[in-house]
Structures are given as structure tokens and as C-alpha cells.
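For clarity, every value in this text was computed on a predicted model and none was experimentally measured.
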Amino acid sequence: MDPPPRPRPHRVAVLPLPLPLLLLLLLASSPAARAWKKDEFRNCNQTPFCKRARTRAPHSLDAPLSLDAASLAVATDGSLTASLSHPSRLRPLLLRLSALPPHALRLQIDEDYSSNTPPHRRFQVPDVLLPDVEARTLHLPEPKTSAAGVSTFALSSDVDVVVKHDPFELTVRRAGSGDPVLSFNSHGLFDFEPLQESKPEGETWEEQFRSHTDTRPRGPQSITFDVSFYGADFVYGLPEHGSTSLALRPTRGPGVEESEPYRLFNLDVFEYLHESPFGLYGSIPFMIAHGDGPSSGFFWLNAAEMQIDVLAPGWDGAASTENGRIDTLWMAEAGVVDAFFFVGSEPKDVIKQYISVTGTPSMPQQFAVAYHQCRWNYRDEEDVAGVDSGFDEHDIPYDVLWLDIEHTDGKRYFTWDHSAFPNPDVMQRKIADKGRKMVTIVDPHIKRDSSFHLHEEATAKGYYVKDATGKDFDGWCWPGASSYPDMLNPEIREWWADKFSYENYKGSTPTLYIWNDMNEPSVFNGPEVTMPRDAVHYGDVEHRELHNAYGYYFHMATADGLLKRGEGKDRPFVLSRAFFAGSQRYGAIWTGDNSADWDHLKSSIPMVLTLGLTGMTFSGADIGGFFGNPEPDLLVRWYQVGAFYPFFRGHAHHDTKRREPWLFGERRTALMREAIHMRYSLLPYYYTLFREASVTGVPVMRPLWLEFPDDKETYNNGEAFMVGPSLLAQGIYEEGQKSVSVYLPGEELWYDLRNGSPYKGGVSHKLEVSEDSIPSFQRAGAIVPRKDRFRRSSTQMVNDPYTLVIALNSSRAAEGELYVDDGKSYDYQQGAFIHRRFVFADNKLTSMNIAPKNLGNKKFSTECVIERIIILGLSSGSKKAIVEPGNHEVDIELGPISLRSGSSSVAPTVRKPNVRVVDDWTIRIA
């Protein structure tokens, strides 16, 4: 849910309004005020640090930054340290290089305060990196320094680091060939504006944007540098922005029309553009490069505003650019250099290294992977009951019903509107009786109301963010006048977490979970609809220095609150709109306030894929678009695509028509029901993928090139996607589309998920568009677990039998995995889970245990059996199978691929082998 540029009249508390705000409210009610307005947000030319950095030519500094060779030394912690100097600087810079296994280099640069201490120090972002990162740091060898002023040391057996002293430059290269992989400052664009003790006479530090003044009391403090990626065809990452392109397009240079950098600045953007480099709700300063050379990545841990240029060949005036090199320019308003260079033989290696420093995604509860139904707003308990029963009446499963801000008492979070929700605990229990859950919204803006206990407590304890004068910051949001908890302070995060206890959150129950919205943070009357940059946080940190991480800390505190509420036994579910590097540890996010149009449907795929590449695997877009009324056919197509999103939720603005899936006629209801049923049948596969993501960081929904890294046809395909290693889908993104071209990578066959028809790999197929599904395929060589009995919710499917779908490759072989635990607790961390690998080879299917030993003394078991085994690519002449142990015979008959009505019997199916998923067994085709 996203506000217009100013608050709407009917969502504001009944308070006396200042005349300017009253006029803003009246303006907001007009249709013209609803569309996204470019002039609400700063561009690069209106952002002084970005404008300054972009005008700087390569190697243009009169006296470039240099490394003092005499200062180069290996510290006691195994890192390499040195001093960087420049004649015009007030104080030198301190450089620190350290290594993490297997091929990660960390570069840290900050000012040396030992001889000249300013009133404030530069901010280093806390609590984002895993706490053991320093402990895992490797001991670097003594560098070898040449007479030419170049120092070299081994990062690993495969990778070297080369440091040029004057001018300072750093290169990560292959150890054997010496070919560069990544470089830093190879174009001499490094600039580090020093903190000043006082403002020089005659100099102006204030900045103006529209009616807002940023006092900038600490002066300019920006950082700029260039990073080059070698052997790269494309670069990816830097969420969040709207785009129909998976790869990051060049933003500067010959042939570039759109000359804005990619902006990383968390913003509450109303009806965002589907194609724009402007920043949205979250920021992850991580870029991945892929091409003919080794895959590589670059991550800058900095929570200030960033602008990043992807530079087109010839941007620097050079006649030709080194083959396979992509240059980028990174600009930040404040902070320090704390950057990581990652090198891997394939892109999954790079993702795993990034995850090794920011953390693996949290393992969700089973219900969270199913379908969620949301609207701003379900009006009251009767409305909730009606929606809940409507799903049952129309045979559509769902797991979670959501309540937006109107459920509260006057936008006071942790409260209920007792006229609409007089018995919230009873309401939740009725929903829970069907195995379902509920979610309520809790935003960071606290209503400034002396009768509101939360506000009074936060005020008394001094827990609010301060304005530039030292008073509690007072901004405008849904409740009217609001203040914001200072989530940078660990003590305040702990206080906030306590508010989710049953005692503090009256009317909440164990089946109620949380949604964090507006946590960029959104301030309706603030500059760019956010908190002023000169607001002050814990430790005398300016908001400009941590802006992009505010929502991260809020998300963290909320997740910790649910963890405490459940006494550490219940996995939290918290959806957040704002995010930063590391947010994957605390829950899910979504792509914000999209619109009900075909372009937004299309752009949702590269947006979700990009989030997955940068750690945020548990993400999705609002089905149907948040704003506007989708045409029925668009809504159907969105359900068919959205059923593959990792996070699957329908959501809509309160001004839209109701759009529960049964409101569009019987035929369209049937199509949406089938899409949701497909998701529920694949829940065992999805849950297994979420387990993989929670261990390795490899995303659930993946670009094709993550599975086929050598296939150039996949490198910029943002329309098709993989779900895990085994499924491929491509949406229908145009109204009335009659045919679609689908590229199927690899050399093996692909089998249509609907009917089992085989398609050749390595070519594009022109397919006729069908209304009942989107093109979707299972990869030959894969085994996919399913549950095909449809219930009201995933909870009611727990004891249902499994179906295995085996797609044989050219060697008549296949394999796959199944992960099962209790779906809700942390017992899996102590060994309470089942993890099986299924291997089909030599006409024999084998189930084997691949769970690691010695994880703990807890156990998990289930009586669930496999009732059907569908084998695509098997000769139809096979009639019997032998199950071992027991040596008993079962039938093989032609059966349907799915249990949807009207499905034809087309695939050899082993019927009722009834082997338990927990056991070792073999089924041999006779």
C-alpha cells in the first residue's frame, strides 16, 4: 500500500489541521494528484554530489591519490593496511584489505582521525554483515612489491590481487593467466570528500529542493569511484527500480538516451514507472557480472543515497573498449568505503559469497509459501468471514487473510477498531480452525496523540528520531502528525520487539503475523516524501548516512518481536516494503505499489529475478496490480504468472473494485482457481527450494542463465524464468496475444507441464497461446515432488500423499530432491527434518537419505507415502514395477499429468507404490 504524494482526506485522524496541510489534503483528492510525478523526486542534476561526480573526467585530478609504500604492512589480524594520501586532503585515508574464503576481497577506506579529529566521524553501517565475518577473515601473505611501485599478493590459489601505488589502483585477477576480473579506480575517478571541522567562510552547505532545506551541518562528504568488470557481457542487480530488462542498461555514453544513473534511495513512490532507473522502496548496492570470463560481483556496504552509472563503451572518449569490459561509476552522499569483490567460476558461486557476508534467507513457515489474500481494506469481521467462506464455496485454497491500516483504532498500531473488529481474537481463531492465518499491518509512524500509550512511552523514553534542532521529529503520515522510533538504537529495537507480545498487542493470537509498510520511512510532508536528511539518530548519526537501512532495522525489530512472542520456537513471518542488504534474514518483501497494466505485469519478472540475485528470494508483486482495475484477462494472466512468484499475494487499493477470484464469471474463476491449485500442488517443490535458499542463498525463482551460464541466449532474457533447477515458465504479457516465442535452453528435452508434450532444447519455439495457462515446462533429467489433493489450506495438506513427476533425459535418467519438516518451528536446526534425493537410472528409481548427520538429537517423521509416480519419456510398453524392500509388484498405467478436469491419460504412471517418503526404497521398472 502506497500513499499519493500527500495524504488522502478519509485516511487522516480527526485533528485540527494547519491550513497548508488542509490544502494539501484537498489537492490530493483530485485525479491529477494521483499519478506519479517526476518533479516530486530529485534527479542527478538536482543532487549536488551526483552532479559533481558525473562532471569529473577520467584521470583528471592534478595530483591523484597515492598509496604510501612505506606504510604497507600485514596487521596482527591478518589484514593488509596502508595509508592513502593526497596533497589537498586535511588528513590521510586508511586502507584495509582482508580476505574471506574462497575468493572474496574486502576493501575498507576511511579517514585517519589519529592526528586531526573532526567533531563527527563517518558512519559505518552496523548489524548488516554477519557477526562472524571478521572471525572468518583469512591471514594474507606479505605482498611482493616491485620497483615500479606495484604490490601483489595471493587471495587464493586461483586469484591474485594487484595494488598499484601511484596513482592508487586495485585489480583482482586470475592467478595463472594474469587476466583481470575486477578493478577499482582504474579510471582515476576515486574521490573522498573529507569531513571538515567547520564551514569555511563564504561557503554554503545548505541544499534546496522544492520547498525543503537540507541544512547539511557537516558539509559535503561524498565518495566516488569507478569499478570495472572484465569478461562480462552484462551486469545485473541494484534493486529496486522498475524495468522490463533483466540486465542493467547503460546510463551514460554513446547511444544512451536515458541519462540518469541507477538511484538507490528508499522512497515511497506512488504508481511507479515500470521502466525507470529511479529508486523505489529498497536498496541493495550489489552488482553481478556474467559473460565469457569468470563471474564476479561487487557489494558496497553503505546506507547513504547512491547513484550508479553503467557506462557504455566509448564513454571515456576512447576509440575502443577492451573486449568484455563493463565500466561502472559508484557515487554515495556519505559513509565510508566498505566494499567486497567476489569472484566465482559461475554466478551461483558469486551469490553464495555475497550471502556468506550478509546472511542466508530465513526459512519460512509452510503457510507463507502458499497463497495470500489482501486488500486495503477488508472492512470488518463480517467482511473477513465472507471472504474466507467465499474461497471455500468456490473451491479455491488460500492460507492467509490480511488487514490493512483501517483495522486499527485511528491508525494507532497494535490496536483494533472495536466497532469493526470487536472480537479480533475470536475472528482469528475461526480463520485458524481451517488451518489459515491472518496478517495485520504495523507501520513505523506513531501517532502523536497524548492518549496513545505507545506515543507517550516513546516520548518519555526519548525513543524518537530527532529533527535537526534536537526535538522529536514530527512528520505527516496516515495518522496525521507522527513520530518515528529510532531503529538504529539496539535498545529501541528491543523495546519495539516487546510490543508484539500477547500482553502488549491486545487481541493478537499465535496465528497472527505482521506486515511492515511505509518503512522507507515515508513522510508525506517531507522532502521526496521521506524523512529529512538532517534528522538525527542514535550516536549522533544523520539520517542521510543510514536512510537506506532504516526499513531494514525496522524489519529486524519486528521479526525479533515475533520470535520473542513465540519464545524462539515459532518462525516469524514479516513482510516489509523497504529493504537493504541483509533483509533476507528477516522475511519477505514485495515490489510495492504497482499498477493494473500489462507493462507492470511484464516488469514484475525482472524485478523479482533481480531481488533473488541480490539475496531477497522471498519476493513477489501484487497480483493484478495495486492501483487501478485490471481487465479480467489481465487479472487471469497475472494469477498464472504470479502462481510462480516465491511470494504469492493478491492485493488492491481501496478505490478499486473488489477482485476476489470468484467475481469475474465462471470461466475466469476456473482459470484463476487452476493457477492457485497449480501453486498448491507444487508446494513440496517450493518448500524444498526455500530450504536450498536458506542454506546456500541460491534463489527460488532464477534467471535462465543461473542454470545455463554458458548459453548466451539466456543472458538478457527477462520474460522467461526458472523455478529452481527443474521448471521453466514464461508469462503472457500482451493483451490478446495469439502466439509467443519461448526459448528453451540446453541440449535436453523440455516437457509441457499441462500435457507432457516434449520440446527440443537449445531453440526457440513459437507456441500458440492458450487461455488456460502460460507456457511452462519441466526440464528433462529432473524429478519434481507434488501434492495433488486440494484442500482449503496448505496446513490441511500435511498428511496427504505425494506425486513424483520424473522427466527422463537422453540417458533415460533423472534426479530431484524433497525436503520436509514440521513447517513451523526451528526444530529442523536440530536435525528434525527429512531430506531425500530421488535418482532414476537404469530403469530404477531410488530414494536415499541426504540429511547431514550430527545436526542434533531431534527427529521428524511422517507417515506420508508416494501414491503416484509419473514418468515422462518412458516407453508406454512398461506395465509393471517391483518395489523393494518387499518385492511386491505394482501396476504401470497411462495416467494424466495433472488431476485437473478433462486431463487426458498420456503418461506412464506407477500407481499406488505407497512407499513412505521417510524410508530408503527402490522401484524397478519391470
Centres of the [X] and [Y] rings: under 6.0 Å?
| X | Y | value |
| --- | --- | --- |
| His372 | Phe573 | yes |
| Tyr236 | Trp705 | yes |
| Tyr759 | Phe777 | yes |
| His407 | Trp402 | no |
| Trp478 | Phe524 | yes |
| Phe278 | Tyr272 | no |
| His241 | Tyr262 | yes |

| Can the positive tip of Arg702 be found less than 6.0 Å from the middle of the six-membered ring of Phe721, inside 45° of the ring normal? |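 No, Arg702 does not lie over the aromatic ring of Phe721.
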
Between [X] and [Y], do the side chains contain an N or O donor and an N or O acceptor separated by less than 3.5 Å?
| X | Y | value |
| --- | --- | --- |
| Asn266 | Ser283 | yes |
| Thr591 | Asp622 | no |
| Ser243 | Glu275 | yes |
| Tyr743 | His765 | no |

| request: Run through Leu575, Leu609, Leu611 and flag the one making a side chain to side chain contact (heavy atoms under 4.5 Å, CB included) with Ser619. | output: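 Of all the options given, the one that passes is Leu611.
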
| field | Result of checking Glu382, Glu381, Arg375 against Tyr378 for side chain to side chain contact (heavy atoms under 4.5 Å, CB included) | value | Arg375

| How would you list, by chain and number, every residue that makes a salt bridge (charged side-chain N to carboxylate O under 4.0 Å, His left out) with Arg868, sequence neighbours excluded? | Asp788

| note | Heavy-atom closest pair (Gly642 atom, Arg679 atom, distance to 0.1 Å) is O-NH1, 4.2 Å

| Do side-chain atoms of Asn423 reach the backbone of Val426 as a donor and acceptor pair under 3.5 angstrom? | no

| field | Any pair counted as side-chain hydrogen bond (donor to acceptor under 3.5 Å, both in side chains), so long as it reaches residues 632-641, sequence neighbours left out | value | Tyr371-Tyr639, Asp633-Arg668, Arg637-Gln640, Trp638-Tyr645

| task | Just do the side-chain contact (heavy atoms from CB on, under 4.5 Å) check on Asp388 and Tyr398 with the steps written out, would you? | result | CA-CA 9 Å; Asp388 179 64; Tyr398 90 99; 2.6 Å; yes

| Heavy-atom distance under 4.5 Å between the side chains of Pro397 and His677, does that happen here? |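 Side chain of Pro397 against side chain of His677, heavy atoms only: contact under 4.5 Å found.
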
